[in-house]
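Following: one structure in structure tokens, then a few remarks.
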Amino acid sequence: MTEDVKPVNFIRQIIDEDLSSGKHTEIVTRFPPEPNGYLHIGHAKSIWLNFGIKDDYQGKCTLRFDDTNPVREDAEFVTAIEEDVRWLGYKWTAIAHASDYFEQFHDYAVELIRKGLAYVDSLGADEIRNLRGTLSEPGADSPYRNRSIEENLALFSKMRAGEFANGEHVLRAKIDMSSPNINLRDPILYRIRHHPHQRTGDKWCIYPMYDFAHGQGDAIEGVTHSLCTLEFEDHRALYEWFIENLSVPSKPRQIEFSRLNLNYTVMSKRMLTQLVEQGYVHGWDDPRMPTISGLRRRGYTPASIRNFIASVGITKKSNIIEMGVLENCIREDLDPVAPRAMAVLRPLKVVIENYPEGESEILDVPNHPANPDMGTRKITLSREIYIDRDDYMDEPPKKFFRLGPGREVRLRYGFIVKCTDVIRDVTGQAIELRVQFDPETRGGNQPVGRKIKGIIHWVSANHCANAEIRLYDRLFSQANPLADKTKEFTDSINPESLEVLENCKVEMSLSTSSSDTRYQFERTGYFYPDKESSAGKLIFNRIVTLRDTWAKLAG
RNA sequence: UGGGGUGUAGCCAAGUGGCCUAAGGCACCAGGUUUUGAUCCUGGCAUCCGGAGGUUCGAAUCCUCCCACCCCAGCCA
């Protein structure tokens, strides 16, 4: 699963065959997002596939914006998409836009009209739909289907000139209204949209449909393998029909693969947009979102995402991948390189009664348990410390190796302490622990016969920094938020997907840390400074927890 | 019930007629190491490949029929 293993999948097999048969000598792919939203991890699959092929076969890959529908698209999204692709670690051979080819597409449309293969239809949207037939019944010809070539040419020209209102006419291919494939029932090629385009401005008022733009765009760019998702399988016949009937410069081949789905989240751009616009999350880059920008802000690395895609593979089978696979990838990426630190999320004060008041000691501790090259850092230990509330229980169950009344535990890198007293508030809740330390056990020294299994993290009360820590959990409480068709997917949003802890205590070294370091807070998880974090106010996002056998045992 | 697809373990996924009494990863279970209940290490985890027939000396891989699931009736992509 490392990145130096070349991926094997059915698409690469096809490419290998095309190369060995001499059908192609250079491989050209493209990644074609529509700039109407942010990229999500499902797009990362397509990016990994297309750019990965380009890299491994020394081919070409264009980042091409599929901007054929000006009413939904926005320049804000194109900038964000470029940034996301770059961040994932890929370089495009060229950047292009379907709109770059509008003039050429228009000429192709005229070519079709001249060949008697396209006509201007003056039916309304409802009428067109009614004549299209159904899944099991054939459609019927439009009364305008047999207009003369001259009339079609004249009408289409007027459409372009802006002489008609939206919806008044449309250009259609003349194929077969009784085809069992609905895409072949005289599909619409051009529609009138009096709407400025984010790139071409007011130049056009007719815009090509996806089907009329995509394949021809591929052909113009010399794309050899046009990789798209399963829902376009039915469109392939139309894709090929255009390629066969138009004087395009090359003949690309469309190959479909299945989209990526993850459980406990949604992957449709429409739904992600809804989450953002209706305020269920705090923007496209909310760390709970499966967007590239959300994962980035959360602390995921580009390599972890690439490895994740590589590990799930490319097939034609519909799938829902378990979130645990993604989590495993980021842990795997971070464990060998993340510096360790101690951070107390829910502080509980502990006074070491036999530790001299006003004194302290400096401990030189390793930044990584298995990699001495990562060096050491100094932390201070003194009479008053904080430990995590989770590491103390009034009535510990068996197998709980941490603190409880009368119990012993080791302070990480420090000595063994024994809980001798518990101070409580009026409700009876423990608010402070009194402990005694054993000087014999300093520095990891374990006297014979003393077997202390529990080790807990801590920070010195007078030698720590305050921090806000944001704990993220799955966005939905249902594995498949779309399974129950009687409910809105937003009904299964996890109300505890974000927990903000404002009063965390972290070791001093974190207050001067780089904003681009991902840490492992020992025993709790991997954390990454949020973009809102500053020296005056530390904020960390939890990327993922550590594997937690105890949590599993405790239920 | 038209057309297009897919079915190998809880989730992914190799496998392209004999070396398959079916790789690998995640998850899970059992041990070991460990100053993170982390990491790491060891072992376990499909007599079976959606089902039923058939072809063959031999099938997850070929044929037939059946079943299940996904996609398609936007002037969206």
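A note on names: the letters A, B, ... follow the listed sequences, proteins ahead of strands, and every chain is numbered from 1.
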Original post:
With a 4.0 Å cut-off on heavy atoms, is A/G124 in touch with a base, just the backbone sugar-phosphate, or nothing at all?
Top reply: base
**OP:** Just say parallel, tilted or perpendicular for the rings of A/H106 and A/F156, cut-offs at 30° and 60°.
**Re:** parallel
**OP:** Hunt down the Watson-Crick or G-U wobble partner of B/U16, both distances under 3.5 Å, from any strand shown, or write none.
**Re:** none
**OP:** Could you tell me whether the side chain of A/R402 has a donor or acceptor atom within less than 3.5 Å of a complementary atom in the base of B/G37?
**Re:** yes
Subject >> Side-chain N or O of A/T549 closer than 4.0 Å to phosphate OP1/OP2 of B/A38 >> reply: yes
Original post:
Would one find a side-chain N or O of A/R193 under 4.0 angstrom from OP1 or OP2 of B/C76?
Top reply: yes
Subject >> Presence of A/R129 side-chain N/O under 4.0 Å of B/G74 phosphate oxygens OP1/OP2 >> reply: yes
Original post:
Within less than 4.0 Å of OP1 or OP2 of B/G15, is there a side-chain N or O belonging to A/Q13?
Top reply: yes
What's touching nucleotides 1-8 of chain B from the protein side, N or O pairs under 3.5 Å?
{"residue": "B/G2", "atom": "N9", "partner": "A/L135", "partner atom": "O", "Å": "3.2"}
{"residue": "B/G2", "atom": "N2", "partner": "A/P180", "partner atom": "O", "Å": "3.4"}
{"residue": "B/G2", "atom": "N3", "partner": "A/L135", "partner atom": "O", "Å": "2.8"}
{"residue": "B/G3", "atom": "N2", "partner": "A/D234", "partner atom": "OD1", "Å": "3.3"}
{"residue": "B/G3", "atom": "N2", "partner": "A/D234", "partner atom": "OD2", "Å": "2.7"}
{"residue": "B/G4", "atom": "O4'", "partner": "A/D234", "partner atom": "OD1", "Å": "3.4"}
{"residue": "B/G4", "atom": "O2'", "partner": "A/D234", "partner atom": "OD1", "Å": "3.3"}
{"residue": "B/G5", "atom": "O2'", "partner": "A/E233", "partner atom": "OE1", "Å": "3.4"}
{"residue": "B/G5", "atom": "O2'", "partner": "A/E233", "partner atom": "OE2", "Å": "3.2"}
{"residue": "B/U8", "atom": "OP2", "partner": "A/K317", "partner atom": "NZ", "Å": "2.9"}

**OP:** For B/G50, measure the glycosidic angle (O4'-C1'-N9-C4 for a purine, O4'-C1'-N1-C2 for a pyrimidine) and name it syn if it falls within 90° of 0, otherwise anti.
**Re:** anti
Original post:
Parallel, tilted or perpendicular: which describes the rings of A/F65 and A/H97, with under 30° parallel and over 60° perpendicular?
Top reply: parallel
Original post:
B/C75, B/A27, B/G37: which one has an atom nearest the side-chain heavy atoms of A/N328?
Top reply: B/A27
**OP:** Give a yes/no answer on whether the side chain of A/R410 brings an N or O atom under 4.0 Å of OP1 or OP2 in B/U34.
**Re:** no
Subject >> Any A/R64 side-chain nitrogen or oxygen under 4.0 Å from OP1 or OP2 of B/A77 >> reply: no
Original post:
Using the benzene-type ring in the case of Trp, are the ring centres of A/Y207 and A/F102 under 6.0 Å apart?
Top reply: yes
Subject >> Pair A/R30-A/S226, side-chain donor/acceptor within less than 3.5 Å >> reply: yes
Extract from the structure each pairing of a protein N or O with an N or O of nucleotides 43-45 of chain B at less than 3.5 Å, listing the distance.
none

Original post:
Can you name the residues that form a ring pair (Phe, Tyr, Trp, His ring centres under 6.0 Å) with A/F527, not counting sequence neighbours?
Top reply: A/F521
**OP:** Answer with base, sugar-phosphate or nothing: what part of the nucleic acid does A/F232 contact at a heavy-atom distance below 4.0 Å?
**Re:** base
Subject >> Nucleotide of B/A38, B/C71, B/C26 approaching A/E231 most closely (side-chain heavy atoms) >> reply: B/C71
**OP:** Have a look at A/T68 and say if it touches a base, only the backbone sugar-phosphate, or nothing, with a 4.0 Å heavy-atom cut-off.
**Re:** sugar-phosphate
Original post:
For RNA chain B, which residues in residues 255-272 of chain A have a heavy atom at a distance below 4.0 Å?
Top reply: none
**OP:** Assign the ring pair A/H40 / A/H43 to parallel, tilted or perpendicular, where the plane angle (0 to 90°) is split at 30° and 60°.
**Re:** tilted
Original post:
NA contact type, A/H235, heavy-atom cut-off 4.0 Å: base, sugar-phosphate, or nothing?
Top reply: base
Original post:
Do A/N328 and A/R547 have a side chain donor and acceptor closer than 3.5 Å?
Top reply: yes
Original post:
Reckon A/I309 touches a base, only the sugar-phosphate, or nothing at all at heavy-atom distances under 4.0 Å?
Top reply: nothing
Original post:
How far, in whole Å, is B/U56 from B/G50 if one measures between their P atoms?
Top reply: 23 Å
Subject >> Pairing residues for A/E233 by the side-chain contact (heavy atoms from CB on, under 4.5 Å) criterion, not counting sequence neighbours >> reply: A/L230, A/E256, A/K316
**OP:** Considering only NZ, NE, NH1 and NH2 on the basic side and carboxylate oxygens on the acidic side, decide whether A/E361 and A/R442 come within less than 4.0 Å.
**Re:** yes
Original post:
Within the structure shown, what part of the strands sits under 4.0 Å from A/Y526 by heavy-atom distance: base, sugar-phosphate, or nothing?
Top reply: nothing
**OP:** Remember a base hit wins even if backbone is also touched, and classify A/I320 as base, sugar-phosphate or nothing at under 4.0 Å, heavy atoms.
**Re:** sugar-phosphate
Subject >> Assigned partner base of B/A38, Watson-Crick or wobble definition, under 3.5 Å >> reply: none
Original post:
Between A/R132 and B/C72, is there a side-chain N or O to OP1/OP2 distance below 4.0 Å?
Top reply: no
Original post:
Centroid-to-centroid, A/H169 to A/Y144, below 6.0 Å?
Top reply: no
Original post:
To the nearest Å, how far apart are A/E327 CD and B/C12 C1'?
Top reply: 15 Å
Subject >> Touch class at under 4.0 angstrom, heavy-atom based, for A/P369 against every strand present >> reply: base
Original post:
Are A/W550 and B/G37 stacked, counting the six-membered base ring, centres under 5.5 Å, planes under 30°?
Top reply: yes
Subject >> Listed once per pair and sorted, the salt bridge (Lys or Arg N to Asp or Glu O under 4.0 Å) pairs that draw on residues 205-215 of chain A, sequence neighbours left out >> reply: none
Original post:
With a non-hydrogen cut-off below 4.0 angstrom, is A/A370 in contact with a base, only sugar-phosphate, or nothing?
Top reply: nothing
